[in-house]
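Data first, discussion second: the structure below is written as structure tokens.
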Amino acid sequence: MKNADVVITLLPDGKIVKAALEGLRKSLKPGCVIMEMSSSEPVATRALGKASSRPESNSSTHRSPVESSAPTDGSLAIMVGGADSTIDRVSALLNAMGKSIFRTGVLGSGHAMKAPQQLCVGRGLVAAVEAIAIGEKFGLKPELMTDILNVSTGRNNTTEVKLKPFIISKAFNAGFPMKLMAKDVRTADSLAHAIGVPSPLADIVAKLWDDASQALGPAADHTAIGQYIEKMKPLSDVVALQLSDLRFTTT
């Protein structure tokens with residue numbers, strides 16, 4: 001570690017990243033670049049970057065959260081936030097890992113991009129699962145519905161990649177933990193609240209993922225949200241999510 005020019009962290013959350021870097025700080029080579037590739041909170045990333053860039057830490061930091069949970073085949077889209085001079089030093093490494101490298105701006109902006117991206121994935125998955133459930137209850141075949149969705153404006157990552165092999169099949173083993181999806185969606189919702197952006201749908205979706213993760217346990221795959229929704233009672237019979245308790249106001 002003392003001779004490393006670059007240290008990459010890819011951990012479950014920002015708190016674990018902070019603890020890891022605090023443990024490594026005295027062992028890092030002066031000028032070592034820390035590439036934080038977890039899905040962390042953007043505000044916390046900025047604070048961690050400032051701390052890591054102090055003279056006593058002997059390191060400079062930039063952040064590049066990845067879009068995939070398995071950065072091994074060089075096909076990732078990578079969003080990188082930080083000083084251009086720092087990113088230039090690791091550009092060859094980034095190009096080896098990803099097919100598309102996007103410089104998003106200041107430190108923390110890469111994570112700020114990843115958060116709403118994961119929000120889109122999380123709520124898109126829920127929308128697809130609900131759509132299939134509605135159609136199947138009426139008598140439509142889920143496989144046929146998926147084919148139609150994928151040639152229409154209703155398609156998304158879930159309809160194209162996850163419905164047939166992981167959800168309709170009830171395999172629920174796509175390889176990304178539900179607890180991490182819940183964390184990512186909650187990160188986006190928390191960011192919205194922190195910067196004062198109204199996010200009524202994100203509030204609902206974040207709660208749904210939190211509840212599903214708690215109900216199904218830490219070993220559950222994120223596609224098991226289909227299993228969770230399938231077992232839910234109709235809204236008219238449920239107290240857990242009461243739309244009457246939500247207040248949407250304008251000023």
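Hydrogens, waters and symmetry mates play no part in the numbers below; they use all other heavy atoms, side chains included.
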Between [X] and [Y], do the side chains contain an N or O donor and an N or O acceptor separated by less than 3.5 Å?
{"X": "Glu160", "Y": "Thr158", "result": "no"}
{"X": "Lys162", "Y": "Thr223", "result": "no"}
{"X": "Thr9", "Y": "Glu36", "result": "yes"}

Closest approach of [X] to [Y] (non-hydrogen atoms, all atoms of both residues):
{"X": "Pro198", "Y": "Pro200", "answer": "C-CD, 3.6 Å"}
{"X": "Arg155", "Y": "Asn150", "answer": "CD-O, 3.5 Å"}
{"X": "Thr159", "Y": "Gly154", "answer": "CG2-O, 4.1 Å"}
{"X": "Ala182", "Y": "Ser213", "answer": "CB-CB, 4.0 Å"}
{"X": "Ala206", "Y": "Val185", "answer": "CA-CG1, 3.7 Å"}
{"X": "Leu216", "Y": "Ala224", "answer": "CD1-O, 3.5 Å"}

> With sequence neighbours left out, what residues match Val197 under side-chain contact (heavy atoms from CB on, under 4.5 Å)?
Replying inline: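 Val197: side-chain contact (heavy atoms from CB on, under 4.5 Å) contacts with Ala192, Ile195.
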Do side-chain atoms of [X] reach the backbone of [Y] as a donor and acceptor pair under 3.5 angstrom?
{"X": "Asp221", "Y": "Pro177", "value": "no"}
{"X": "Thr104", "Y": "Gly110", "value": "yes"}
{"X": "Lys183", "Y": "Asp210", "value": "no"}
{"X": "Asn156", "Y": "Gly124", "value": "yes"}

4.5 Å side-chain heavy-atom contact, [X] and [Y]:
{"X": "Thr146", "Y": "Ile132", "value": "yes"}
{"X": "Asn173", "Y": "Phe166", "value": "yes"}
{"X": "Val121", "Y": "Met181", "value": "yes"}
{"X": "Val129", "Y": "Tyr228", "value": "no"}
{"X": "Met79", "Y": "Arg103", "value": "no"}
{"X": "Thr187", "Y": "His111", "value": "no"}
{"X": "Ile225", "Y": "Met178", "value": "yes"}
{"X": "Pro12", "Y": "Leu180", "value": "yes"}

Going from [atom1] on [X] to [atom2] on [Y], what distance comes out if it is rounded to the nearest 0.5 angstrom?
{"X": "Leu11", "Y": "Ile16", "atom1": "CG", "atom2": "CD1", "value": "6.5 Å"}
{"X": "Ile101", "Y": "Ser91", "atom1": "CD1", "atom2": "OG", "value": "9.5 Å"}
{"X": "Arg89", "Y": "Leu93", "atom1": "CZ", "atom2": "CG", "value": "12.0 Å"}
{"X": "Leu107", "Y": "Thr86", "atom1": "CG", "atom2": "OG1", "value": "9.0 Å"}
{"X": "Asn157", "Y": "Leu125", "atom1": "CG", "atom2": "CG", "value": "8.0 Å"}
{"X": "Lys15", "Y": "Glu41", "atom1": "NZ", "atom2": "CD", "value": "8.0 Å"}

> Taking NZ, NE, NH1 and NH2 as the nitrogens, is one of them in Lys207 or Asp203 under 4.0 Å from a carboxylate oxygen of the other?
Replying inline: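 Salt bridge flag = no for Asp203 with Lys207.
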Treat each ILVMFWY residue as a node, draw an edge where side-chain heavy atoms are under 4.5 Å apart, and state whether [X] and [Y] are in one component.
{"X": "Ile78", "Y": "Val106", "answer": "no"}
{"X": "Leu10", "Y": "Ile87", "answer": "yes"}
{"X": "Leu119", "Y": "Phe102", "answer": "no"}
{"X": "Ile167", "Y": "Ile134", "answer": "no"}
{"X": "Ile148", "Y": "Val161", "answer": "no"}

>> Let's go through Arg186 and Asp13 carefully: what are the C-alpha distance in whole Å and the side-chain angles of both, what is the deciding distance for salt bridge (Lys or Arg N to Asp or Glu O under 4.0 Å) to 0.1 Å, and is it a yes or a no?
In response: CA-CA 12 Å; Arg186 177 59 64 186; Asp13 59 50; over 6 Å; no
>> Applying salt bridge (Lys or Arg N to Asp or Glu O under 4.0 Å) to Asp147 and Lys164, what does each step give before you reach the verdict?
In response: CA-CA 10 Å; Asp147 292 339; Lys164 286 186 178 181; 2.6 Å; yes
>> Run Met145 and Lys141 through side chain to side chain contact (heavy atoms under 4.5 Å, CB included) and show every step you take.
In response: CA-CA 6 Å; Met145 290 186 67; Lys141 294 182 178 180; over 6 Å; no
> Can Glu230 and Lys170 be said to form a salt bridge (Lys or Arg N to Asp or Glu O under 4.0 Å), step by step?
Replying inline: CA-CA 11 Å; Glu230 182 180 326; Lys170 301 190 184 302; 2.9 Å; yes
> Going through the checks in order, is the side chain to side chain contact (heavy atoms under 4.5 Å, CB included) test met by Met232 and Leu208?
Replying inline: CA-CA 11 Å; Met232 291 178 68; Leu208 178 61; 4.2 Å; yes
> Does atom NZ of Lys18 have more than 12 heavy-atom neighbours, drawn from other residues, nucleotides or ligands, at distances under 6.0 Å?
Replying inline: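 No - once you tally the heavy atoms of other residues, nucleotides and ligands closer than 6.0 Å, there are 12 at most.
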> Given the rule in the side chain to side chain contact (heavy atoms under 4.5 Å, CB included) test, do Val80 and Met35 qualify, once you have shown the distances and angles that lead to the verdict?
Replying inline: CA-CA 9 Å; Val80 191; Met35 292 175 56; over 6 Å; no
>> Can you pull out every side-chain hydrogen bond (donor to acceptor under 3.5 Å, both in side chains) where at least one residue sits in residues 123-140? Sequence neighbours excluded, please.
In response: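 Matches after skipping sequence neighbours: none remain.
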> Parallel under 30°, tilted from 30 to 60°, perpendicular over 60°: which one fits the rings of Phe176 and His222?
Replying inline: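 The arrangement is perpendicular - the two ring planes meet at more than 60°.
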